[in-house]
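To keep things clear, I will list the structure first and then write my remarks on it.
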Amino acid sequence: MLPTDKFLKLGSSSKLFFGASRKTRIVTASALFLAACAFGAAGVAPMAPDPANLPVKSITEELAIPSLSEQIAHLQTDNQFYFREEKVRSGDTLATLLFRLGVHDDAAAAFIKSDRIAHAVLTIKSGRHVQAQTDKDGQLLRLTATATEGNNQPARVITITRDGDQFKSSESSAALERRVEMQTAEIRSSLFAATDAAQIPDGVATQLVDMFSTNIDFASDLRRGDHFNVVYETFWQNGEYVRSGRVLAAEFNNAGNRYQSVWFDEPGSRQGGGYYTFDGKSLKKAFLKSPLEFSRVTSGFAMRLHPISGLWKKHEGVDFAAPVGTPIRAAGDGTVDFVGTQNGYGNVVVLKHWNNYSTAYAHMSRFASGVKRGMKVNQGEVIGYVGTTGWSTGPHLHYEFRVNNHPRDPMSIDVPNAQPLAGAELQRFHGVASEMLHRFALLNPQEQNVRVAAR
């Protein structure tokens, strides 16, 4: 028999495992069953084998080694081609360039010098790359280079290839990548020194002078501390800079005065667009001072002794002396109102412009091709050529400027600016101007009262 206290302890334990609650008994039995399974699995699972007791089997296989002499002989019989790229250096001649490219081919050098297309290789600017493919003896198989003749001229890819003992040349338009770049610079001595320090192309600097020369004398007005911002195009090929493009926007701070300009595309204009202030006013003068690029005034707007009649008569225009055949440009945008012959004027073209302005061009030797009544012309477009037709004693252009059909002196009249933008064009312009102002704000975030436009 068990002692009474031990019996009592056993009774309390049985209550723990087999309590009166059915839910308690089920949970307790499930836990005991899962624990028994776990210990049993651990006891039955086999141990991993010892790697030292595993069997080892050696396999031997002979491999054929290629013949080194056969490989060398094979390489010697194969045609080997070599590619090389070199940058054109200042002072390079064709001989020095070909030598660095590994080209030792007198026939190729002679062809490049004599062929019209291939000769462009001799005019490639320093810093540009030229690629050449040669054989093992240095004979030229293929040469490729990109040539440009100016900022406004398209880039051309020049290709020279060997065809047996002869060479062929070809050219094609280069596929250029357009980038928009923006720079800021400060004047310390001169404009070109500032653009050089900021690595701004010279073509862009020249455009800045043209844009602001009516407001700033770049020879005497610049002050140390003046600064400018400029947004412009550049064109690249295969990651290599080819040329600069158009200035898209610029602002110049000179002696406390700020001058701004933005380019706006105009699909209806043959020039493609023009420069405007940020409020949409054109910066282009409506009329040129002279329809001829290079000439001299031989007779002004005044009373004179007529060279043919010998009578004193008012000369209602300005005469510009120039050789026969000198191109005559339209002084402003307009429409051809008359083209033909008129008494003492000889061959004459009359253009009608906006706001009752008109211009006349007399004594032409001939008219430009396609000029006819009713056609639209743009400022600077060639409409004819200097001659000596009509009442003329020598080759010159008689130019008249009229307001409401009354002659005015073109050399002294206050020439207005071109018409400002309006309507839908003005709305489209505001979008372009807003983007450029945003770029200026990014260039000079420290300026007061400048807010970056929301993007």
Side-chain angles (χ1 to χ4, degrees), residues 152-153 266-274 282 284-302 304 306-309 313-411 413 415-416 418-419:
N152 296 324
Q153 299 298 321
E266 298 171 280
S269 170
R270 294 193 183 185
Q271 283 85 3
S282 176
K284 181 181 72 174
K285 289 295 185 182
F287 298 97
L288 302 174
K289 282 291 186 181
S290 170
L292 304 180
E293 288 192 25
F294 304 102
S295 62
R296 58 186 177 86
V297 175
T298 55
S299 183
F301 189 89
R304 69 168 186 175
H306 197 278
I308 295 179
S309 67
K313 186 178 180 181
K314 186 176 182 180
H315 188 231
E316 297 182 334
V318 174
D319 290 346
F320 297 92
V324 173
T326 301
I328 300 170
R329 306 172 298 167
D333 299 340
T335 304
V336 177
D337 188 49
F338 179 86
V339 54
T341 303
Q342 283 185 355
N343 300 325
Y345 285 115
N347 293 330
V348 61
V349 171
V350 178
L351 302 180
K352 289 185 69 174
H353 309 280
W354 62 285
N355 204 24
N356 294 322
Y357 294 107
S358 61
T359 52
Y361 313 78
H363 305 314
M364 293 183 177
S365 60
R366 59 188 177 91
F367 307 114
S369 177
V371 173
K372 58 183 179 182
R373 192 173 188 271
M375 73 174 290
K376 292 183 178 181
V377 295
N378 294 105
Q379 185 181 81
E381 186 176 348
V382 175
I383 57 175
Y385 301 88
V386 170
T388 183
T389 58
W391 298 348
S392 170
T393 58
H396 71 281
L397 168 68
H398 174 80
Y399 172 60
E400 292 185 9
F401 187 90
R402 303 167 181 168
V403 180
N404 292 322
N405 288 326
H406 295 290
R408 301 285 295 275
D409 184 358
M411 307 304 290
I413 191 172
V415 179
Q419 286 178 297

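Values reported hereafter were calculated over all heavy atoms of this structure, with side chains retained and with hydrogens, waters and symmetry mates removed. Note that the structure is a prediction, hence the values are computed from the model and not measured.
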Expected output: side-chain Tyr345 to main-chain His398 donor-acceptor under 3.5 Å:
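Side chain of Tyr345 to backbone of His398: no pair is present.
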Do the side chain of His363 and the main chain of Thr389 share a donor and acceptor less than 3.5 angstrom apart?
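Flag set: sc His363 to bb Thr389 pair under 3.5 Å.
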Shortest non-hydrogen contact from [X] toward [Y]:
| X | Y | answer |
| --- | --- | --- |
| Gly374 | Thr335 | O-CG2, 3.4 Å |
| Pro395 | Val324 | CB-CG2, 3.5 Å |
| Thr388 | Ser392 | OG1-OG, 2.9 Å |
| Pro327 | Leu292 | O-CD2, 3.3 Å |
| Asp333 | Gln379 | OD1-N, 2.6 Å |
| Pro291 | Phe320 | CD-CE1, 4.0 Å |

Which residues satisfy the side-chain contact (heavy atoms from CB on, under 4.5 Å) test with Asn404, sequence neighbours excluded?
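In terms of side-chain contact (heavy atoms from CB on, under 4.5 Å), with neighbours along the sequence ignored, Asn404 is linked to Asn356, His406.
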How about Phe401 and Val318: do any of their side-chain heavy atoms sit closer than 4.5 Å?
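The answer is no; the side chains never approach within 4.5 Å.
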With side chains defined as the heavy atoms from C-beta onward, is the minimum distance between Tyr357 and Val403 less than 4.5 Å?
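Tyr357 reaches Val403 side chain to side chain.
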Separation between CG of Leu351 and CD1 of Ile383, rounded to the nearest 0.5 Å:
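Rounded to the nearest 0.5 Å, the CG-CD1 separation comes out at 4.5 Å.
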Please round to the nearest 0.5 Å and tell me the distance separating atom OG1 of Thr359 and atom NZ of Lys352.
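Spacing of OG1 (Thr359) from NZ (Lys352) equals 12.0 Å.
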What pairs of donor and acceptor atoms, side-chain ones from residues 364-373 against any protein atom, are under 3.5 angstrom apart with sequence neighbours left out?
{"unit_1": "Ser365", "atom_1": "OG", "unit_2": "Tyr385", "atom_2": "O", "d": "3.3"}
{"unit_1": "Ser365", "atom_1": "OG", "unit_2": "Val386", "atom_2": "O", "d": "3.0"}
{"unit_1": "Arg373", "atom_1": "NE", "unit_2": "Asp337", "atom_2": "O", "d": "2.8"}

Residue pairs, two or more places apart or on separate chains, that pass salt bridge (Lys or Arg N to Asp or Glu O under 4.0 Å) and touch residues 386-404:
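Residue pairs with at least one partner in residues 386-404: Glu400-Arg402.
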